[in-house]
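Report on the following structure.
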Amino acid sequence: MQPSEMVMNPKQVFLSVLIFGVAGLLLFMYLQVWIEEQHTGRVEKKREQKATSGWEPVNYLQPIPRIMTREQIRGHITNQNLKFHITEDPKGKKENLLLNSERPMRVLTKTSHSQGEDRVLGKTTGPPTIKLIAKHQGTRTVFKKFSEMKWPLDIHPLNKSLIKDNKWKETDVAQEKRRSFLQESCKKYGGVSRPQSHLFHMVSRIYVEDKHKILYCEVPKAGCSNWKRILMVLSGLASSAYNISHDAVHYGKHLKKLDSFDLKGIYTRLNTYTKAVFVRDPMERLVSAFRDKFEHPNSYYHPVFGKAIIKKYRPNACEEALNNGSGVKFKEFVHYLLDSHRPVGMDIHWEKVSKLCYPCLINYDFVVKFETLEEDANYFLQLIGAPKELKFPNFKDRHSSDERTNAQVVRQYLKDLTRTERQLIYDFYDLDYLMFNYTTPFL
């Protein structure tokens with residue numbers, strides 16, 4: 001055959017291309033249908049597994065409507081509970097996890113207060129892992145042990161045998177009233193009789209001092225820096241609370257947290273150690289957090305929170321503010337706080353105490369109020385048998401030249417807000433006001 005005879009005319013070329021194109025299209029459509037069928041099958045299988053396991057998906061954050069009544073707020077907070085999150089050992093060992101000396105791996109779902117100075121969301125050290133379905137005998141034993149615990153935990157009478165001085169009589173009376181009031185408020189408003197929250201999440205804010213058998217739930221902007229200094233002295237990590245820097249306190253990782261222990265360690269300490277929580281008037285604590293994080297240079301809060309807040313809540317923001325996140329106004333910060341669709345999550349510095357420390361599940365033996373901080377803290381040191389020379393340090397940790405945030409300072413910030421905005425802030429912290437007997441703010 002001559003080369004000239006092998007050349008296809010344009011009509012043949014067109015038909016060949018058309019045939020190959022149609023064949024390719026049909027093949028693509030077939031593959032797409034096959035892939036969808038495979039994906040749907042896997043999804044249905046997972047749904048069946050969830051249905052048969054009896055567990056629901058974990059959902060930490062449900063959006064809060066912008067305006068809610070106090071009763072709705074209480075109901076929403078009460079219902080923000082999670083199921084225990086306990087996983088089988090991947091190797092199928094039927095060992096009792098309570099007796100396992102290894103620290104369990106914990107997979108923490110991201111929470112609203114996980115940002116800021118504590119940004120680690122998950123810990124993955126050592127077997128066994130923790131998962132939703134409890135199949136093995138050891139896991140069932142652990143779950144049964146914790147589910148059978150009496151919740152809320154019992155309050156143990158404080159050991160006052162070390163108190164020899166009558167000067168603490170008024171402080172002691174006030175303390176008993178606080179504990180009693182908290183218990184009654186939890187019965188009235190808390191509505192929680194059993195822990196449905198992730199156990200390790202529930203104790204993630206609690207610091208441990210084993211020598212004096214103390215558990216301390218950290219509430220930022222309520223004297224936490226200086227009390228953590230005290231814990232470092234009590235545990236022998238420092239000789240004086242006055243020689244410990246801010247960075248050493250918050251970033252040094254010197255103190256142990258309760259969630260770093262295995263389940264047996266958590267269980268034992270919750271039931272035998274003296275548990276303390278430090279609280280503060282919620283509006284005052286909110287203003288203090290704003291001043292600290294947004295009115296001073298900050299390499300984390302300005303770019304992460306500031307930029308997002310300015311972008312959403314400041315019309316016609318200048319390019320400089322959008323780029324560096326500096327100069328957030330208190331009114332803009334409040335709009336972010338009350339928004340059910342926040343552009344960035346919550347933070348421990350302005351999160352509710354009810355969601356940081358779970359005071360209606362973990363009955364705290366001692367409630368320190370920021371308003372009487374020095375007196376309460378020193379009385380607590382006497383109760384636990386601390387060295388007599390150890391006193392609570394009352395110096396301002398950072399921005400020492402600034403006036404402390406007090407009622408007068410709070411009034412100045414609230415002037416920029418409408419009455420509705422002030423009421424919504426109160427509603428947001430409703431449970432904290434009720435549980436710790438704080439008076440209604442300036443509305």
Next on the checklist: Run the side-chain contact (heavy atoms from CB on, under 4.5 Å) test on L215 and R269 for me, step by step, so that the C-alpha distance in whole Å, both residues' side-chain angles and the decisive distance to 0.1 Å come before the verdict.
Outcome noted: CA-CA 8 Å; L215 296 181; R269 287 169 176 82; 4.3 Å; yes
Next on the checklist: Quick one, Y429 with L286, criterion side-chain contact (heavy atoms from CB on, under 4.5 Å). Give me CA distance, side-chain angles, the key distance, then yes/no.
Outcome noted: CA-CA 10 Å; Y429 291 108; L286 179 68; 3.5 Å; yes
Checklist entry - Passes side-chain contact (heavy atoms from CB on, under 4.5 Å), F200 versus L263? Steps please. => result CA-CA 9 Å; F200 289 101; L263 293 171; 3.6 Å; yes
Item to check | Check against side-chain contact (heavy atoms from CB on, under 4.5 Å), H201 and S204 | outcome: CA-CA 5 Å; H201 166 72; S204 63; 4.3 Å; yes
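Looking only at side-chain heavy atoms (C-beta outward), K331 and T418 come within less than 4.5 Å of each other. With a 4.5 Å cut-off on side-chain heavy atoms, P387 and L234 count as touching. For the pair I206/I362, a side-chain contact is recorded, criterion being any heavy-atom separation below 4.5 Å from C-beta on. Inter-residue side-chain proximity for E421 and I425 is flagged as unmet; no heavy-atom pair is nearer than 4.5 Å. Counting heavy atoms from C-beta outward, L258 and L270 have side chains that approach closer than 4.5 Å. W227 has its side chain within reach of L231: a pair of non-hydrogen atoms, C-beta onward, lies under 4.5 Å apart. In this structure the side chain of L322 reaches within 4.5 angstrom of the side chain of I310, judged on heavy atoms. A heavy-atom distance below 4.5 Å is found between the side chains of Y438 and V279.
Checked against a 6.0 Å centroid threshold, the rings of Y426 and Y433 count as neighbours.
A pairwise comparison of heavy atoms in R342 and Y313 identifies CA-OH, 4.2 Å as the closest pair. Pairing each heavy atom of S185 with each of L434, the nearest pair is OG-O, 3.3 Å. The two residues F181 and M435 come nearest to each other via the heavy atoms CD2-O, 3.6 Å. Nearest heavy atom pair, residue P359 against residue C186, reads O-SG, 3.9 Å. Listed here is the closest heavy atom pair of I244 and A238: CD1-CB, 3.6 Å. Closest heavy-atom contact between A248 and H254: O-CD2, 3.4 Å.
Here the CD atom belonging to Q175 is positioned 6.0 Å from the CG atom belonging to D376, to the nearest 0.5 angstrom. The structure places CD1 of I384 at 3.0 Å from CD1 of I214, a figure rounded to the nearest 0.5 Å. Distance SG/C318 to CG/N323: 8.5 Å, rounded to 0.5 Å. Rounded to the nearest 0.5 angstrom, M283 CE and L414 CG are separated by 5.0 Å. With rounding to the nearest 0.5 angstrom, the CZ atom of R411 is 10.5 Å from the CD atom of E284. In this structure, M232 CE and Y207 OH are separated by 10.5 Å, a value rounded to the nearest 0.5 Å.
Residue K391 qualifies as enclosed at atom NZ: its count of foreign heavy atoms under 6.0 Å is above 12.
Between the side chain of H349 and the main chain of V219, no donor-acceptor pair closer than 3.5 Å is present. In this structure, T268 contributes its side chain and K264 its backbone to a donor-acceptor pair below 3.5 Å. Here the side chain of E295 pairs no donor or acceptor atom with the backbone of F290 at under 3.5 angstrom. In terms of modelled atom types and a separation under 3.5 Å, the side chain of T405 and the main chain of V287 share no donor-acceptor contact. D432 places no side-chain N or O within donor-acceptor distance of the main-chain N or O of K352, the cut-off being under 3.5 Å. Listed for the R314 side chain is no donor-acceptor partner under 3.5 Å among the backbone atoms of E332. For D365 (side chain) and K275 (main-chain N/O), a donor-acceptor pair under 3.5 Å exists by modelled atom type.
Remark: K256 engages D210 in a salt bridge (charged side-chain N to carboxylate O under 4.0 Å, His left out) (not counting sequence neighbours). Annotation: ring-ring contact (aromatic ring centres under 6.0 Å, His included) contacts of F392 (sequence neighbours excluded): none. E371 is linked by a salt bridge (charged side-chain N to carboxylate O under 4.0 Å, His left out) to nothing, counting only residues two or more places apart in sequence or in another chain. H296 meets the ring-ring contact (aromatic ring centres under 6.0 Å, His included) test with H399; sequence neighbours excluded. Every residue two or more places apart in sequence or in another chain was checked for a side chain to side chain contact (heavy atoms under 4.5 Å, CB included) with A174, and none qualifies. Taking D402 as the reference, nothing meets the salt bridge (charged side-chain N to carboxylate O under 4.0 Å, His left out) condition, with sequence neighbours excluded. Annotation: side chain to side chain contact (heavy atoms under 4.5 Å, CB included) contacts of K213 (sequence neighbours excluded): Y273. Listed by chain and number, the residues in a side chain to side chain contact (heavy atoms under 4.5 Å, CB included) with E375 are W168, T171 (sequence neighbours excluded). Scored by the salt bridge (charged side-chain N to carboxylate O under 4.0 Å, His left out) test, E209 finds no partners at all (sequence neighbours excluded).
The stretch residues 221-247 participates, sequence neighbours left out, in these salt bridge (Lys or Arg N to Asp or Glu O under 4.0 Å) pairs: E218-K228, K221-D292, R229-D397. A disulfide bond (SG atoms under 2.5 Å apart) check over residues 205-274, counting only residues at least two apart or in different chains, returns the pairs C217-C357. Among residue pairs with one or both ends in residues 379-390, none qualify as salt bridge (Lys or Arg N to Asp or Glu O under 4.0 Å); sequence neighbours excluded.
Under a 4.0 Å N-O distance rule, the pair D339/K312 qualifies as a salt bridge.
Below 30°, between 30° and 60°, or above 60°: for W350 and F294 the angle between ring planes is between 30° and 60°, a tilted geometry. Using cut-offs of 30° and 60° for the angle between ring planes, the H250 and H246 rings count as tilted. Ring pair F380/F366 is tilted by interplanar angle, where 30° to 60° counts as tilted.
Side-chain atoms of N378 and E374 form no donor-acceptor pair, as typed in the model, at a separation below 3.5 Å. No donor-acceptor contact under 3.5 angstrom links the side chains of Y189 and D430, judged on distance only.
Within the cation-pi definition used here (under 6.0 Å to the ring centroid, within 45° of the axis), R285 does not qualify as a partner of F370.
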